[in-house]
Every structure is written in C-alpha cells, then in structure tokens.
Amino acid sequence: MGQELGADFVLEGSVRLAGQRLRASVQLIEAQTGAHVFAERFDREMADIFAVQDEIVEAIVARLFFNLQEVAGVVRARSAKTNISAYTSWLRAGVAWRNGDEPGAREHMQQAIVLDPAYAPALASLALLYAYWRFSEPNAATDAKLEAECQEFAARAIAADKNDPFVLSTVAACLLLVGRVDDAMRYSGIAISMSPRDINGLVARGMIVSYAGLHEEGLALVERGCKFEPLLPPAFLSSLGDCHYLVRRFDAALAAYGSLIDPPIFFRLNQAACLAQLGRAEEAAAIMHAMPQAFDTEVYARNTAKMCALP
C-alpha cells in the first residue's frame with residue numbers, strides 16, 4: 001500500500017460492537033518497515049454514535065499530530081538525499097520546540113529558510129519563535145528588533161502561502177504576541193475554518209480569542225486542543241495557563257505553569273502572579289527575588305499587557 005500510494009505511513013483500524021459498547025482499535029504503521037508507530041484503543045458507550053465518532057476522530061488526529069511529525073523526521077533522516085532538506089530541518093525544529101529547546105528550534109528553522117527562502121511553514125514558525133523569544137528572554141535592548149523581525153517573517157510567510165491553515169494559525173499566534181489582536185483573530189478564524197481539528201490551530205485560536213476578551217470561549221478551545229495529548233509542549237501549557245488566568249481560575253493556571261520539570265523562566269513569573277492573586281504573597285515574593293537579573297520583568301509585563309484587547 002505504501003508503494004502504491006507513495007505513503008510513508010498507513011493508518012488502519014477496526015470497530016467492534018457488543019450491545020451498547022463500541023471498541024475501536026487504531027494503528028499507525030510505517031510503510032517501509034511495517035513497524036507500529038502508534039496504537040490506541042477507544043472504548044465508548046453507543047448513546048450518541050455521532051458524538052462517539054467525532055470524539056474518536058479528534059483523539060486520533062490529536063495523538064497522531066506529534067507522533068507523525070517526529071517519526072517522519074526519523075524516516076527522512078535515513079536518506080542522505082533528504083537529510084539536509086528544508087522539510088527535515090523544519091521537522092527537527094518542531095521536535096526541539098516540543099522538548100523545550102528554544103535555541104535549537106530557532107537554529108533548525110533558520111536552516112530551513114536558508115535551504116528554501118520561500119518555505120512558508122518555516123517562515124511562519126520562525127515568526128512565532130522570534131515573537132516568543134521576546135517573552136522567554138525579555139530585554140529592552142533587543143525587544144524592538146525582535147518585534148520587527150518576527151513581523152517580517154510573518155509577512156513573508158503569508159506572501160509565500162496564504163492558503164495553508166498551519167501557516168495562518170502560526171502567523172496569527174505571532175501577531176497576538178506583538179499586540180495585533182484584530183489581525184490575529186482574522187487569520188486564526190480562517191485557519192480554524194479550513195482545518196477545525198488541527199490542535200495547533202485550536203490552541204492558537206483559543207489563546208487569541210481569550211486575549212480578545214472572550215475568556216470562557218477561548219479556554220474551551222485550548223482545553224479541547226490539549227485534551228488528548230499527554231505530553232504538552234511548553235507553548236501549549238503557557239496558553240492553557242494564560243487562559244485559566246484570564247477567567248480568574250488562578251489555581252488551575254498555577255497547576256498548568258507548574259507542570260513542566262524544567263520550565264522557561266517566565267513560567268515562574270506567571271506562577272508568582274497566580275500566587276499573588278491567591279493571596280500567597282510571600283511565595284510570590286520569593287519567586288520574584290529569585291528571578292535572574294538578565295530577565296527584564298518590566299518588558300515582559302508590558303509585552304503581555306499589549307496582547308489584551310480589554311482594559
């Protein structure tokens with residue numbers, strides 16, 4: 001099947017019924033070797049068959065999302081011919097980003113656009129990485145330059161391909177981080193209408209909607225995007241924490257920010273904000289006293305405030 005369709009992977013499955021119980025089994029198979037990359041079983045009540053179908057499809061799409069990217073990178077790395085391709089560099093950047101290696105992600109993504117200057121997904125990803133950089137390492141001396149560069153990458157990505165939902169949702173997330181909330185809403189709305197089950201799109205849309213002032217709606221979208229993925233990347237946890245914070249669920253926000261073993265510095269700052277809101281002032285102050293001097297909390301606070309559409 002892999003040879004006939006030119007597919008690297010094949011998704012197969014089966015469904016069995018027993019009374020009012022449904023069991024669906026799903027496997028993702030690497031066509032070249034026959035190895036199982038992913039396998040999952042879903043047991044559900046048949047009360048609403050259409051709801052069950054939707055839930056299983058969403059779970060499969062969400063759980064395959066990162067598996068497929070990472071394994072595709074491994075498969076392509078076996079071939080010297082594709083080892084230095086822009087796509088391979090983009091995949092490697094995605095793995096680094098997911099593992100919290102922000103400098104590594106930027107390095108691989110920059111390599112991707114060196115190899116292909118018009119590669120829209122890499123340009124969009126680099127735009128978001130540069131926008132995110134302003135929060136992970138806020139610095140008054142570099143902030144304006146990074147803001148200009150991320151918007152330049154975003155414009156190049158849209159010029160290269162304005163019909164790719166990944167490009168649109170990634171650029172939308174970048175635009176939110178520089179305070180262009182209306183543009184972020186527009187691009188993410190188009191992306192989510194084109195690809196309503198994409199978890200990157202759901203999380204980006206949810207965070208944007210939350211900062212636009214629709215807090216409960218935004219939180220619901222982010223929670224939906226994070227629901228089926230057991231190992232969330234830092235950016236997803238940041239979005240989840242922010243959306244809980246905006247609906248004033250400070251305990252839930254604190255839990256989201258605290259769920260990484262080695263979190264970015266700004267996660268600790270966000271935890272301090274949650275603790276202060278909960279009246280735990282001494283704990284919040286202890287975090288603030290431990291913040292590195294190089295981390296400019298004022299720049300971070302101002303950049304965060306720029307994202308808020310409401311006073």
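Side chains included, hydrogens not; waters and symmetry mates left out as well; all remaining heavy atoms used. For clarity, every value in this text was computed on a predicted model and none was experimentally measured.
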Take atom [atom1] of [X] as the centre, draw a 6.0 Å sphere, and report whether it contains more than 12 heavy atoms from other residues, nucleotides or ligands.
X    : atom1 : answer
R302 : CZ    : no
D262 : CG    : no
H36  : NE2   : yes
Q110 : CD    : yes

Interatomic distance, [X] atom [atom1] to [Y] atom [atom2] [nearest 0.5 angstrom]:
X    : Y    : atom1 : atom2 : value
I287 : L275 : CD1   : CG    : 5.0 Å
R224 : R197 : CZ    : CZ    : 7.0 Å
F135 : N270 : CZ    : CG    : 10.0 Å
R186 : L175 : CZ    : CG    : 9.0 Å
L22  : E45  : CG    : CD    : 10.0 Å
R268 : L260 : CZ    : CG    : 12.0 Å

Backbone N or O of [Y] within a donor-acceptor pair of the [X] side chain at under 3.5 Å?
X    : Y    : result
R205 : M185 : yes
S188 : A184 : yes
S195 : I192 : no
N99  : D101 : no
R156 : P117 : yes
S169 : F166 : yes

Are [X] and [Y] close enough that some pair of their side-chain heavy atoms sits under 4.5 Å apart?
X    : Y    : value
L240 : E223 : yes
W97  : E102 : yes
M194 : L168 : yes
L128 : C150 : no
P103 : R106 : yes
V203 : L221 : no
D164 : P121 : yes
F295 : E137 : no

Would you kindly say whether [X] and [Y] are connected by a side-chain donor-acceptor distance under 3.5 Å?
X    : Y    : result
Y245 : Q277 : yes
D242 : Y211 : yes
Q151 : R180 : yes

Are [X] and [Y] joined in one hydrophobic group, where the rule is that I, L, V, M, F, W and Y side chains link up if heavy atoms are under 4.5 Å apart?
X    : Y    : answer
L310 : L177 : no
L11  : I29  : no
L146 : V299 : no
V15  : F42  : yes

Which atom names give the shortest non-hydrogen contact between [X] and [Y], and what distance separates them?
X    : Y    : result
S210 : H215 : O-CD2, 3.0 Å
C174 : A127 : SG-O, 3.6 Å
A160 : L123 : CB-CD1, 4.5 Å
G241 : A253 : O-CB, 3.4 Å
G258 : Q271 : CA-NE2, 3.5 Å
G218 : V209 : N-CG1, 3.7 Å

Next on the checklist: Between Y187 and I208, does the side chain to side chain contact (heavy atoms under 4.5 Å, CB included) criterion hold? Intermediate values first, please.
Outcome noted: CA-CA 10 Å; Y187 285 137; I208 291 163; over 6 Å; no
Checklist entry - Would L269 and M291 count as a side chain to side chain contact (heavy atoms under 4.5 Å, CB included) if you check the C-alpha gap in whole Å, the side-chain angles of each, and the deciding distance to 0.1 Å? => result CA-CA 8 Å; L269 188 62; M291 293 294 290; 4.1 Å; yes
Checklist entry - So does E147 pair up with K306, basic N to acidic O under 4.0 Å? => result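 K306 and E147: salt-bridged.
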Checklist entry - Less than 4.0 Å between a side-chain N and a carboxylate O, is that true for E149 and R134? => result no
Item to check | Pair I158-V171, side chain to side chain contact (heavy atoms under 4.5 Å, CB included): steps then yes or no | outcome: CA-CA 8 Å; I158 294 298; V171 166; 4.1 Å; yes
Item to check | Derivation and outcome, side chain to side chain contact (heavy atoms under 4.5 Å, CB included), residues F267 and L237 | outcome: CA-CA 9 Å; F267 273 48; L237 290 169; 4.1 Å; yes
Item to check | Ring centroid separation Y300 to W133 under 6.0 Å | outcome: no
Next on the checklist: Would you say the ring centers of Y132 and F266 fall short of 6.0 Å from each other?
Outcome noted: yes
Checklist entry - Given the rule in the salt bridge (Lys or Arg N to Asp or Glu O under 4.0 Å) test, do E107 and R92 qualify, once you have shown the distances and angles that lead to the verdict? => result CA-CA 10 Å; E107 182 181 343; R92 287 174 174 163; over 6 Å; no
